[in-house]
Amino acid sequence: MNSHVSVPDGTRAVVADTAQADDVVRLDNVKRHFGATPALDGVSLTVRKGEILGIIGRSGAGKSTLIRCLNGLERPESGSIFVEGRQITGLDERQLQPFRRRIGMIFQHFNLLSAKTVEENVALPLKIEGRPRAERFNRARELLELVGLSDKAKAYPSSLSGGQKQRVGIARALAARPALLLSDEATSALDPETTRSILALLKDINRKLGLTILLITHEMEVVRSIGDRVAVIDAGKIVEEGPVWSVFADPQTDITKSLLAGIRPQLPAHIASGLSPVPGGEAVLGVDLAGTAAQGTLLADLPVAFRLLHGGVDHVQDQAVARLYLAVPSGALDKVVPFLEARSARVEVLGYVSGNA
Ligand SMILES: Nc1ncnc2c1ncn2[C@@H]1O[C@H](COP(=O)(O)OP(=O)(O)OP(=O)(O)O)[C@@H](O)[C@H]1O
Ligand SMILES: [Mg+2]
């Protein structure tokens, strides 16, 4: 697995996973196969207290299996799962109940009960716990205020918009004061603007309440906008993990690069299709920069004449992250590449063009 460490100057080191005392959830070499399919193939993962961790992967990568193992609906063949330091693997249904209550969940399709009002939906987890009515409804009122829906307490879900329904879902998930909020594609059914407002709400709750959030998604944009760390899952394995800005600045695996393709500048197709692997003419470089390197005068200082083909600077977790495509005379590569690398850039020679691409 490729681990990124949090060094905001674009440098990188590989580190071993270490267990922290305040881990909310920890998976240790968890395996679950379906026939020959390794849905989870030795997953080790830690969700730290107070963080927003994104788990991203393509369809079939193992995300749902991971969630089902976490809430005890699926049993790993081997490996261990710890919730707030207590091992849950091997527990029976009854023993699992108190651990399930420590994990609040929100879903793509909200899963609200249509015959119950908004406040009854929010209070439901407390009803299941047998809490007194007054306490349940006080808590529901408090949470509806937190999610900005105080005026909808008596409404039924059918009268709400998708974004409002998900706010109710969030309030309900928080009712029993869970240690972890698990979001399973919670914004996938929402339009971009509503998605942004729900993600902003989750970030706000994370900051205000110190709530730990695990975001399961196939959309990098979700992780980009509110994640602290991200783990990339592929074919049941965590293939890359690190601070979100760092993974954006310097993705290590092809799967991460392809998940990032929609939101990072890509070499325009007409240039990409004209690339030759044979050296000559101009070399086309993909250059990744992060932190101060992305904000400096790097291009102005470049020791050769170059053409800026495409690119952009993004800001992830308040770090500048740049992806640039340059064409430089191929004879100058031995000067340009060391120059860039000495300034913490990551450089790929993508191919060669005869010029004027
Ligand atoms: N109950 C099952 N029986 C057989 N195979 C299963 C079962 N559950 C999952 N799988 C297989 O395990 C792999 C991982 O599935 P999983 O549902 O965890 O993926 P996912 O990442 O949630 O995908 P998606 O984004 O499409 O929801 C897939 O190849 C899937 O076909
Ligand atoms: Mg799934």
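Worth knowing before you read on, the calculation uses all heavy atoms, side chains too, and leaves out hydrogens, waters and symmetry mates. Every number for a ligand or one of its atoms is a count from 1 in the order of the listing.
- Remark: side-chain polar atoms of Asn206 are paired, donor with acceptor, to backbone N or O of Gly50 under 3.5 angstrom.
- If you number the atoms of ligand 1 from 1 as listed, the ones under 4.0 Å from a heavy atom of Ser64 come out as 17 (O), 18 (O), 20 (P), 22 (O), 27 (O).
- For atom 31 (O) of ligand 1, the closest non-hydrogen atom of the protein is Thr37 CG2, 5.0 Å.
- The Mg ion (ligand 2) has an N, O or S atom of Ser64 inside 2.8 Å of it.
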Worksheet entry | Worked verdict on Leu333 versus Leu285 for side chain to side chain contact (heavy atoms under 4.5 Å, CB included) | CA-CA 10 Å; Leu333 270 184; Leu285 306 181; 3.7 Å; yes
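- Counting heavy atoms closer than 4.0 Å to ligand 1, residue His218 contributes nothing at all.
- To the nearest 0.5 Å, the span separating CD1 on Ile52 from OG1 on Thr212 amounts to 9.5 Å.
- Counting protein heavy atoms only, atom 9 (C) of ligand 1 is closest to Phe34 CE1, 3.4 Å.
- Ranking protein heavy atoms by distance to atom 12 (O) of ligand 1, first place goes to Ala39 CB, 3.4 Å.
- The two residues Arg172 and Phe110 make their nearest non-hydrogen contact at NH2-O, 3.0 Å.
- Counting protein heavy atoms only, atom 28 (C) of ligand 1 is closest to Gly60 O, 3.8 Å.
- Nearest approach of Arg58 to Lys63, heavy atoms of both residues: O-NZ, 2.9 Å.
- Of the charged side-chain nitrogens involved, at least one lies within less than 4.0 Å of a carboxylate oxygen, so that Lys203 and Asp228 count as a salt-bridged pair.
- Near Lys63, meaning under 4.0 Å from any of its heavy atoms, are these atoms of ligand 1: 18 (O), 19 (O), 20 (P), 21 (O), 22 (O), 23 (O), 24 (P), 25 (O).
- Distance remark: protein heavy atom present below 4.0 angstrom from atom 17 (O) of ligand 1.
- When each atom of ligand 1 is checked for a heavy atom of Arg58 under 4.0 Å away, the hits are 21 (O).
- By the 4.0 Å N-to-carboxylate-O rule, Arg48 lies too far from Asp23 to be salt-bridged with it.
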